[in-house]
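I have a structure I would like to understand better, so I am pasting it below and will then ask my questions one at a time.
So that the names make sense, note that chain A is the first sequence line, chain B the second, and so on, each numbered from 1. Values in this document were obtained by computation on a predicted structure and should not be read as measured data.
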Number of protein chains: 2
Amino acid sequence: METDDRPRYAQIADELGRRIDAGIIGVGLPFPSDAQLQEEFSVARNTVRQALDVLRAQGRIHTVKGRGSYVRPRVPARRVAASRYKADVSSTPDRPQTAVTHDYGIPFSQHNPDVVIARESASPEVAELFQVEAGTPLVRRDLVFRLEGWPTHMSTSFYLAEMVDGTWVAGPGSEPAPGGAIGHLASLGVRVTRVLETVESRMPSPREAEVLRMSAGPVLAITRRMLADGRVVEVAREIVYPGDGVRLEYEVDL
Amino acid sequence: METDDRPRYAQIADELGRRIDAGIIGVGLPFPSDAQLQEEFSVARNTVRQALDVLRAQGRIHTVKGRGSYVRPRVPARRVAASRYKADVSSTPDRPQTAVTHDYGIPFSQHNPDVVIARESASPEVAELFQVEAGTPLVRRDLVFRLEGWPTHMSTSFYLAEMVDGTWVAGPGSEPAPGGAIGHLASLGVRVTRVLETVESRMPSPREAEVLRMSAGPVLAITRRMLADGRVVEVAREIVYPGDGVRLEYEVDL
DNA sequence: GAGTGGTCTAGACCACGAC
DNA sequence: TCGTGGTCTAGACCACTCA
C-alpha cells in the first residue's frame, strides 16, 4: 500500500475513473450525483466538483445542467490520410464506402450523418481558402456523424454554388453518399487529385461542446481543401473531433 | 450596451483576456494575485480562481504555486510537413537549417535546444514502432526547444544504438545539428525517404505541463517514424506542443 | 415539486517561493 | 517572515430537467 498524500479530489477522480474502466459505471448510464458522491466520500460538494472537473477535462464524462453526468464512450478512429480518401475513390455500387466508414471500420449502412444544407455567401475567411472573391455563392453543409447514437465528429463544408447548383449534391438527398465528398464531385465530372489538411488543437465552442457531448476537454479541428486541376473545389472548415476521439496518421515522402 | 447576464467569473475572464490582448498585462510579467483581483472585482476568491481557470484552459496564463501567474506568449508555428523535412535535406554548411528553424522562420543561430542523451532498452511500445525486439539497445534523446527563452515544444526520440554508437550523433555535441535528425542520419550514410506521423490531442502530463509552462490547456502530441529503405531508423515518441502553439499542415495526393 | 448541476460566498489551513 | 496559489469546508441561491 503506497501512501497517498495527493489531494483528495485527485484521489476521488482516480477512483471514479477506475469504476468507469471496470464497467461499474457504464457508458451512457447516469453518473452518481454530486450529493451522492459528497455522501460517499465524506467531502464538501466543491471537492466533489473538483474531482468531476478532472474527469470532464479528460473527456471521460459529460455533464448537463439539471440532468446529471454521463459516461462518455471512447470511440477512437484511426484516420489514415493516405488510405481514407482512396476509400472514397474506390467506392462502387456493389461495395459503397466513404472515408468515414473506412476510419471507423463500419459498413456503409451504419453511415447516416445528420445533414443541414444551406446557401451562403463566402466569408472572407472561407473565400481565401477557396481562392475566390468574398461573397461568392456557396452551398454550405453542416454534418454530424454518429456511431450507435453517440456523436463521433462534426463538420462544416462548402462547395461552389456554381458547380453544384441544380444537382443532387445541393440537396438533402446527398447524404449518405457513397464516395463522400470525392464521390459527390466525381458525379459532377470533377476529379479530386489532392487534399490539403491543417490540424489544430483548441477548446470547443459552446455549440461544439453541446453537439459532441463534451464538457471541458479539447477538440482536434481540421481545415481541409480538396483540389482538382490545381483549383480548390471543396473547403471543410472545420472538421471537429473530441480530442480523444481520433488519431490522425499522415505520411510524407521525401 | 448589451446586458451581461453571463456568470461573473466569465466576465472577469473576458476582462482579463482583453487586458492581455491590449498589452496592459505583458508577456512574462507578473499577473495580479488572487487577492488583488478579489479586491478589484469585489468577489470571493473562488470566483477569481474560476476566472483564472478559464484563462489557464485557454493557455493564456501559466500559474506556479507560491509564485503567481504569468502571461504566456503565443508563439504559433506553421509546421508544414511537405516542406519542413525538405529543409532538413537541403541544409548546407553555408546555409544551415532544420525543420524547426523552417517552422519558426528563424536563423540557425537561434536554434539551441536543451538536450539530454541516454542509452535505453526499447520498451515494448517503442520497439513496436521500430519493428524490433523489445529490449533492443537504443539511444534516447530528450530535447526542449525554446524561442527567446520560452519553450515552444519538446520531444523524446530514439535511434538504434547499433547505428549511432561511437559516432558524434550519440554524443551531446549532436545538437544543434544542421539538417536535424535527417542530417544526423545522412552523416552516417542513411538516407531518409519517408516520414510517418501520428497526431493526437490530449491533456499534458505533469512533467509536460511544467516544461512547457502551461497549467491546464491541451497539447498536440506527434509520434513520428523515419524510414530509410523501408526500415525504421528513427522514432520520436512523442513530440509535444502546447495546443495553441502549432498548426500542422499535411498534403495528400490521390 | 424534487432533484440536478452552476454559481457564489466567506471563511480556513497548507506548501511553497522570495526576501 | 510574508505573500502566493492549492485545497477544502459549509453553507446559499439559482436555473434547469423530469415526473
Side-chain angles (χ1 to χ4, degrees), chain A residues 3-16 25 28-57 59-72 203-204 206-207 209-210 213-217, chain B residues 3-16 25 28-57 59-72 203-204 206-207 209-210 213-217:
Chain A
T3 66
D4 198 347
D5 50 0
R6 293 161 55 229
R8 194 85 178 90
Y9 77 86
Q11 297 177 32
I12 295 174
D14 273 12
E15 170 59 22
L16 294 175
I25 309 173
L29 293 182
F31 203 77
S33 70
D34 287 8
Q36 286 171 322
L37 294 171
Q38 196 179 161
E39 168 80 9
E40 173 181 354
F41 293 102
S42 303
V43 293
R45 179 147 88 107
N46 279 350
T47 304
V48 168
R49 292 185 58 73
Q50 229 177 327
L52 295 200
D53 280 343
V54 174
L55 297 175
R56 275 187 279 265
R60 307 209 53 167
I61 63 172
H62 172 52
T63 305
V64 183
K65 174 155 164 178
R67 193 164 345 152
S69 296
Y70 299 83
V71 176
R72 268 172 53 82
M203 299 305 278
R207 191 182 104 81
E210 189 189 338
R213 297 195 209 165
M214 42 191 310
S215 299
Chain B
T3 67
D4 199 347
D5 49 0
R6 293 161 56 229
R8 194 85 179 90
Y9 75 87
Q11 298 176 32
I12 295 173
D14 274 12
E15 169 59 22
L16 294 174
I25 309 172
L29 293 182
F31 204 77
S33 70
D34 286 9
Q36 287 171 321
L37 293 171
Q38 196 179 162
E39 169 81 11
E40 172 180 355
F41 293 101
S42 303
V43 292
R45 181 149 87 108
N46 279 351
T47 304
V48 167
R49 291 186 58 73
Q50 231 177 327
L52 295 200
D53 280 343
V54 174
L55 298 175
R56 275 187 279 264
R60 307 208 54 167
I61 62 171
H62 173 52
T63 305
V64 183
K65 177 162 164 175
R67 194 166 344 154
S69 297
Y70 298 84
V71 175
R72 267 173 52 81
M203 299 306 279
R207 191 182 103 80
E210 189 188 336
R213 298 195 209 164
M214 42 191 309
S215 300

What do you reckon, is CD of B:E15 surrounded by more than 12 foreign heavy atoms closer than 6.0 Å?
yes
From A:T63 atom OG1 to A:R72 atom CZ, the distance as rounded to the nearest 0.5 Å:
11.0 Å
Check each residue of residues 43-52 of chain B for a non-hydrogen atom within less than 4.0 Å of any atom in DNA chain C, then write out the ones that pass by number, or none.
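Heavy-atom contacts with DNA chain C come from B:V43, B:A44, B:R45, B:N46, B:T47, B:Q50.
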Under 3.5 Å, side chain of B:R213 to main-chain N/O of B:H62, donor-acceptor pair present?
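No.
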Rounded to the nearest 0.5 Å, what's the gap from CZ on B:F41 to OG1 on B:T47? Could you check?
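OG1 of B:T47 is found 12.0 Å from CZ of B:F41.
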If only atom types and distance count, is the side chain of A:S215 paired as donor or acceptor with the main-chain N or O of A:R56 below 3.5 Å?
no
How many whole angstroms separate atom NZ of B:K65 from atom C1' of D:dG5?
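Rounding to the nearest Å, NZ of B:K65 and C1' of D:dG5 are 8 Å apart.
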For side chain to side chain contact (heavy atoms under 4.5 Å, CB included), just list the numbers for A:L16 and A:L52, CA-CA rounded to whole Å, side-chain angles, deciding distance to a tenth of an Å, and then say yes or no.
CA-CA 9 Å; A:L16 294 175; A:L52 295 200; 3.9 Å; yes
Rounded distance (Å) that lies between atom C1' of D:dC14 and atom CG of A:D34
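Result: 15 Å.
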Leading and trailing nucleotides of DNA chain C with any atom under 4.0 Å from heavy atoms of chain A
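Nucleotide range in contact with chain A: C:dG3 to C:dT9.
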Test your reading of the model: is there a side-chain donor-acceptor pair from A:Q36 to the backbone of A:S33, 3.5 Å cut-off?
yes
Would you say that more than 12 heavy atoms from the other residues, nucleotides or ligands in this model lie under 6.0 Å from the CZ of A:R6, or not?
yes
When you measure from the side-chain N and O atoms of B:S33 to the phosphate of D:dG3, is any distance below 4.0 Å, counting only OP1 and OP2?
no
Does atom CD of B:Q11 have more than 12 heavy-atom neighbours from other groups under 6.0 Å away?
yes
Measuring from atom CG of A:D53 to atom OH of A:Y9, what distance do you get when rounded to the nearest 0.5 angstrom?
9.5 Å
Does anything in residues 7-16 of chain B reach DNA chain D, meaning a heavy atom under 4.0 Å, and if so which residues?
none
